[in-house]
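The structure under discussion appears below in the form of structure tokens.
So you know, we letter chains A, B, ... as the sequences are listed, proteins then strands, and number each from 1.
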Amino acid sequence: MTPDEELERAMREVPRGALALAALSVGVLLVAWFLVYLLVFLPRGMVS
Amino acid sequence: MALGEEAIVRSELRWAAVSIGVVSVIMLALIYAGLVHHINPPSNIEPIDPKTLHLSGEFTESNLGTRVSADGQVTSRIVATQFTFQPRCIVVPANQRVTLRFATPDVIHGILVTGTNVNTMIVPGYVSQVHTVFTRTGELLMPCHEYCGLGHSEMFAKLRVVPPEQFKPDAQGRVSCDAR
């Protein structure tokens with residue numbers, strides 16, 4: 001396999017893995033944000 | 001075959017949509033907290049002369065602490081100074097709207113009350129004001145959270161939240177920790 005073909009083969013999979021990792025990271029961050037929002041921020045009550 | 005340029009642009013556009021969606025959802029959640037639960041950042045802009053605040057006006061020593069006005073409004077006035085709060089203990093009633101007013105004659109301080117959303121900066125030249133309702137009784141710690149000098153770590157006060165039936169103002173409408 002030439003280096004070009006090897007690169008081609010690697011690039012076929014890499015973007016999918018990167019997208020899955022990014023989606024998981026954003027998902028976990030969003031869930032954590034809403035857990036703090038619902039379980040800590042709102043119950044602490046009004047302030048202005 | 002590797003992803004072509006068109007496919008990459010498509011996935012980037014999808015990500016842009018996801019990012020806008022996430023920011024929009026968070027903004028909506030914050031607007032909901034503000035409108036329905038009345039959780040808003042304190043935004044009082046009220047100048048005061050830091051050089052004379054201890055000599056005249058509402059932040060003189062005799063006027064500090066908690067006071068109930070004729071219309072039943074509970075207001076606590078506190079001076080934050082290097083490296084203490086005056087007074088160091090404040091009594092407030094539970095389940096009742098309370099106004100906390102802070103001023104400083106020296107440098108920038110900040111306060112938070114543990115376990116609540118009360119959190120504000122105290123900037124020389126301005127009165128910081130926070131309205132809140134304390135729902136849990138007990139002693140809450142109120143530390144300075146803005147580094148204000150070498151004694152910063154020793155700078156804290158206590159907020160004593162008492163049940164409404166134990167909150168008894170004297171003839172002048174004042175309530176202090178010593179009176180209990």
### Message
Using a 4.5 angstrom heavy-atom cutoff, name the option from B:Ile26, B:Val118, B:Leu30, B:Val25 with the most pairs to chain A.
### Response
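Counting heavy-atom pairs under 4.5 Å, the top option is B:Ile26.
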#### Entry: Closest-packed option against chain A by number of heavy-atom pairs under 4.5 Å, given B:Thr132, B:Asn117, B:Asn40
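Highest number of pairs under 4.5 Å: B:Asn117.
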How close do [X] and [Y] get, heavy atom to heavy atom, and via which atoms?
{"X": "A:Phe41", "Y": "B:Ala33", "result": "CE2-CB, 3.8 Å"}
{"X": "A:Ala22", "Y": "B:Trp15", "result": "CB-CZ2, 3.5 Å"}
{"X": "A:Met46", "Y": "B:His131", "result": "SD-O, 3.7 Å"}

Among the clusters formed by ILVMFWY side chains lying less than 4.5 Å apart, do [X] and [Y] turn up in the same one?
{"X": "B:Phe134", "Y": "B:Ile78", "result": "yes"}
{"X": "B:Tyr32", "Y": "B:Val23", "result": "no"}
{"X": "B:Val68", "Y": "B:Val130", "result": "yes"}

### Query
How far does CD of B:Gln129 sit from OG of A:Ser48, to the nearest 0.5 angstrom?
8.5 Å
Mark yes when over 12 heavy atoms from residues, nucleotides or ligands other than [X] sit less than 6.0 Å from its [atom1]; otherwise mark no.
{"X": "B:Arg88", "atom1": "CZ", "result": "yes"}
{"X": "B:Glu61", "atom1": "CD", "result": "no"}
{"X": "B:Leu35", "atom1": "CG", "result": "yes"}
{"X": "A:Tyr37", "atom1": "OH", "result": "yes"}

### Query
Is there a side-chain contact between B:Val22 and A:Leu30, using heavy atoms and a 4.5 Å cut-off?
yes
#### Entry: Heavy-atom proximity to chain A below 4.5 Å, by part of B:Arg97
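Contact with chain A is through the side chain of B:Arg97 alone.
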### Query
With only heavy atoms counted, which part of A:Phe34 is less than 4.5 Å from chain B, the side chain, the backbone, both or neither?
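Contact with chain B is through the side chain of A:Phe34 alone.
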